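Report on one structure; see the data block that follows.
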Amino acid sequence: MLDKNFNFNEAEGQIYEGWEASGAFKPSHAPGAESYSIVIPPPNVTGSLHMGHALNNTLQDILIRFERMRGKSVLWQPGMDHAGIATQMVVERQMMERQEPKRTEIGREAFVEKVWAWKEESGGTIINQLKRLGASCDWSRERFTMDEGLSEAVVKVFVQLYKDGLIYRDKRLVNWDPKFETAISDLEVENTEVDGHFWHFKYPLENGETYEFPIKHDEDGNPTKWETRDYISIATTRPETMLGDGAVAVHPSDKRYAPIVGKRCLLPLADRYIPIITDDYPDPDFGSGAVKITGAHDFNDYHVAKRHDITMYDLMDSKARLVDADYVPEKYRGMDRFDARKAIVEDIDARGLLIKVEDKKIMQPFGDRSGVVIEPIRTDQWYVDAKTLAQPAIEAVEKGETKFVPENWAKTYFQWIRNIEPWCVSRQLWWGHRIPAWYGPDGHFFVAETEEEATKLAIAKYTSEGYTLEDINDMRRHEHGGSPLLVQDEDVLDTWFSSALWPFSTLGWPDKTPELDTFYPTSTLVTAHDIIFFWVARMMMQGIHFMKEVPFDTVYIHALVLDEHGQKMSKSKGNIIDPLILIDKYGADALRFTLAAQAAQGRNIRLSDSRVEGYRNFGTKLWNAARFCEMNECKTDPAFDPATVSSTLNQWIVHEANQCATAVTRELEAFRFNDAAGAIYKFTWNVFCDWYLELAKPVLQGEDGPEKTETRAAAAYALDQILKLLHPFKPFITEALWKDLAARDKALITSEWPQFDEALKSEVAATEMQWVIDLISGIRSVRQEMNVPAGAKIPMTLLGAAPDKSKLETHEQVIARLARLSDISTADAPPAGAVEIVHGDAVVALPIADVIDIDAEKARLQKERDKATNEIAGIDKKLANKNFVDKAPPKVVEEQKTRRADYEAQLEKLGQALARLERL
RNA sequence: GGGCGCAUAGCUCAGGGGUAGAGCGCUACCUUGACAUGGUAGAGGUCCGUGGUUCGAAACCACGUGCGCCCACCA
């Protein structure tokens, strides 16, 4: 006997272990089975489960369980990401807390070892959390981006792209994170508007030259007043970079500055002279119209400097301190950039060259992980030629080889990928895939899979340049102690470089494995829109380049999970809802169902506790329905054939279950998780529990016989259908019930998904049962309105034609029970003093004269009559419209006519009932 | 500056050319033998505004208003 409630805390773990132990999570490889695969978006090894993961993995698990039950050979490939910066940060922080020596003190090797140790010890908490959620990944295939196989793939890809000319080394301006002292890609920079200042400086002209600068204009913009200036006015939001100015630029059309173009001005503090040049970049209407050009510290200026061959002065070191260089005045050397800013403004002011300071909102770049201001710095880095790789990735989506769902997200994808910039992939970190490039003498470098390979390349290269082997050996022993000929690049690759390979690297590439054969391209990628650029686009590029096929058929983009006020959850806001707390409180099933039920396409999800509670209650409802079935010995009967049931009630539930299966299947196929969840919810609660079980009670609790036997089997059948259809959403409770209710040869997780079956349809039964349900509802409604005590039983008389009378007869017992009737009769004329309900073609009379309030009853009937009259008026208006009758589809016109007739009939009966009341 | 999205019940949100929906909340009644984590019955809506398309618009289109988000080098 089942307990009164599902003890999910106790059961979930056991059930999960049972699944895993049975091998249910592995692909079936059943002969002839279609394959279906999903690669998990690998969570950071440092991570713990947040609500975004919960949603993401719930949806994946729903698809996986659905397809598994549909008989496909299913692989959900799990794994984790080494998350370069994030992990390095975590371990360094930990070392600091333990007051251990710093990373730089213990050296690279020791540090990397520590990270691995940390990973073994506490990395991957999230895997266990995913298991608590019920994720049915094939854990035997778990991968890690830094494990041997995947690292091999990374090296192969890097070398191949290099050979293809799609990876190159370049010195250019890059986004530099001074906290982590590494380059980062454009995507890792977050531009945020902050309060800043706009400083206006005077740069004095060389040799005290002067010019007339217009300061007033008439309506037509012609200057009316001039002043004599011996300087050019520039404005900047970043005064500290002025030391690196190589020029001042104005727009060629800017007449104000025409007299001084080509001349030079003094760069204050630096005491250098720099040219005044023209370029299209300055906007004459902004600021003073003159822009200082700092080629080495600003992306715009960089391009201007390149165009005009203007000297770039590198001002900052890796920590964004001013460098020790002859072009930096001694005073500022070694100063932090912000200290330098302050000092420079003061010094400019002291020289009388500060015109004014304005407050100004400025867009400032921040490192997405470090949170510090990003500094554009010139460095040597490795770049991927993303533009070339992007081409086929664009075409693949254009041609529909990969589809976005909702398709709108394809626009976002296109917008970015069509304007893609070179991707900086090198990071000055220690935790990650080391770049397979080796440097040798004379500035040569060699890209190869191994040092041995690189050495061969080097020897060939140096030999070709005329060096003898002996020379090379000399070079090898160049320094005392024998420095090696080649030194490997110190840098590692961007984490996303390895995650871009995830769909094929996890399946065994570069080896030709059966898994690659079977499961690539993967079927569906489930992810949120915030990593379309970081991840989806890059997987598309790498997947197509290396596999010659797109990595997935469909990219399903789900919503972001927000808090109940619509705010993005974040630690700093303190509004994080921890999925594990919800799981403890309401069970994994409840959380999963909530997320699925709210996962409408193209919307954010606002999560609230009450919703989760509601869907936990749904589980309890199901549990108790099952308990009822158990108590009434509704056992699954293998010999039961739903197509041959004889009672209308059973035909109806079979029909409804079939309809529900069709709906759930259709909605899941279309990734409409919310509609799928809604369909099974309604069927379970509003059809099976509210009506079927109630209607079946008289039979189940009545005398033994064929009808009772059939009903028991039908109830068990319907319940089994529910368990199956609900299983992807609520795997634990359904599996528990499946196991408890009957001895089965298969666990629910591997049972067969209900398929639509034409033979199970029964519109006749559906119509008949709807009549019964409406009748009962109608009587209940009137009872309530007339304040008939809930416990009181009252008689009822039906006035109607033969078909209605026959229906009434069939279902007399349940109607009496559910509507609380003492006696049911039929008649041709209504009894006196009765409340009358118009029900289809019939009239239901409840002779409760002694309890009814005549006026209230009149009011009720009048209200209904008014409603019917209004409806008829509305329909008449339509039907009177010639255009409507002519142009609307005949079906719609017919519909309106039928509706009108129905209301008309109702109106007539209501009129008669009112007339009878008048006579009382 | 470009791009995307959203305005429907008190709250959170589905839906979608003809008849307005869910969950939660609210009101009244009900400890009836599966379930009070429940049952029954209710109240509650100018579907943001304006114009257009259409026989018909809450739905489609345009504009407006308000609110989000993404991308972007205005110093």
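Just so it is clear: chains get the letters A, B, ... in the order the sequence lines come, proteins before strands, and each one is counted from 1. Model, not experiment: these values are computed from the prediction. The analysis underlying the following values was restricted to heavy atoms, covering all of them including side chains, and did not include hydrogens, waters or symmetry mates.
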Heavy-atom nearest pair, Asp589(A) first then Phe732(A), reads OD1-N, 3.1 Å
Quick check on G16(B): is either OP1 or OP2 less than 4.0 Å from any side-chain nitrogen or oxygen of Arg672(A)? yes
It should be established whether Ser781(A) places a side-chain nitrogen or oxygen under 4.0 Å from OP1 or OP2 of nucleotide G42(B). yes
hbond_proxy Gln415(A) side chain to A72(B) base (donor-acceptor, 3.5 Å cutoff): no
Quick one: label Gly289(A) by what it contacts on the DNA or RNA (base, sugar-phosphate, nothing), any heavy atom closer than 4.0 Å. base
Test of understanding: with side chain to side chain contact (heavy atoms under 4.5 Å, CB included), list the residues that count as partners of Cys689(A), not counting sequence neighbours. Lys621(A), Ala625(A)
Side-chain N or O of Trp685(A) closer than 4.0 Å to phosphate OP1/OP2 of G39(B): yes
I need the minimum non-hydrogen distance between Ile344(A) and Pro239(A), along with the two atoms involved. CG2-O, 4.0 Å
Give each stem of RNA chain B as a range with a range, requiring at least 3 consecutive Watson-Crick or G-U wobble pairs whose two distances are under 3.5 Å. B:1-7 with B:65-71, B:10-13 with B:21-24, B:26-30 with B:38-42, B:48-52 with B:60-64
Below 4.0 angstrom from OP1 or OP2 of G5(B), is there any side-chain N or O of Asn408(A)? yes
Heavy-atom donor-acceptor pair, Arg616(A) side-chain to U37(B) base, under 3.5 Å: yes
Does a side chain donor of either Asp283(A) or His251(A) reach within less than 3.5 Å of an acceptor in the other side chain? no
Between Lys411(A) and C69(B), does any side-chain N or O lie under 4.0 Å from OP1 or OP2? no
Can we call the ring centroids of Tyr681(A) and Tyr615(A) under 6.0 Å apart? yes
U32(B) phosphate, OP1 or OP2: any side-chain N/O from Gln701(A) under 4.0 angstrom? no
Spacing of Glu871(A) atom CD relative to A20(B) atom P, expressed in whole Å: 7 Å
side-chain N/O Lys697(A) vs G33(B) OP1/OP2, d < 4.0 Å: no
Is any side-chain N or O of Asn191(A) closer than 4.0 Å to OP1 or OP2 of C71(B)? no
Distance-only donor-acceptor test (3.5 Å): side chain Lys621(A), base C35(B): yes
Phosphate contact (A75(B) OP1 or OP2) by Lys360(A) side-chain N/O below 4.0 Å: yes
Where at least one partner belongs to residues 234-250 of chain A, residue pairs that pass salt bridge (Lys or Arg N to Asp or Glu O under 4.0 Å), sequence neighbours excluded: Arg238(A)-Glu240(A), Arg238(A)-Glu375(A), Glu240(A)-Arg341(A), Asp245(A)-Lys292(A)
Main-chain N/O of Thr294(A) paired to Asp301(A) side chain as donor or acceptor, under 3.5 Å: yes
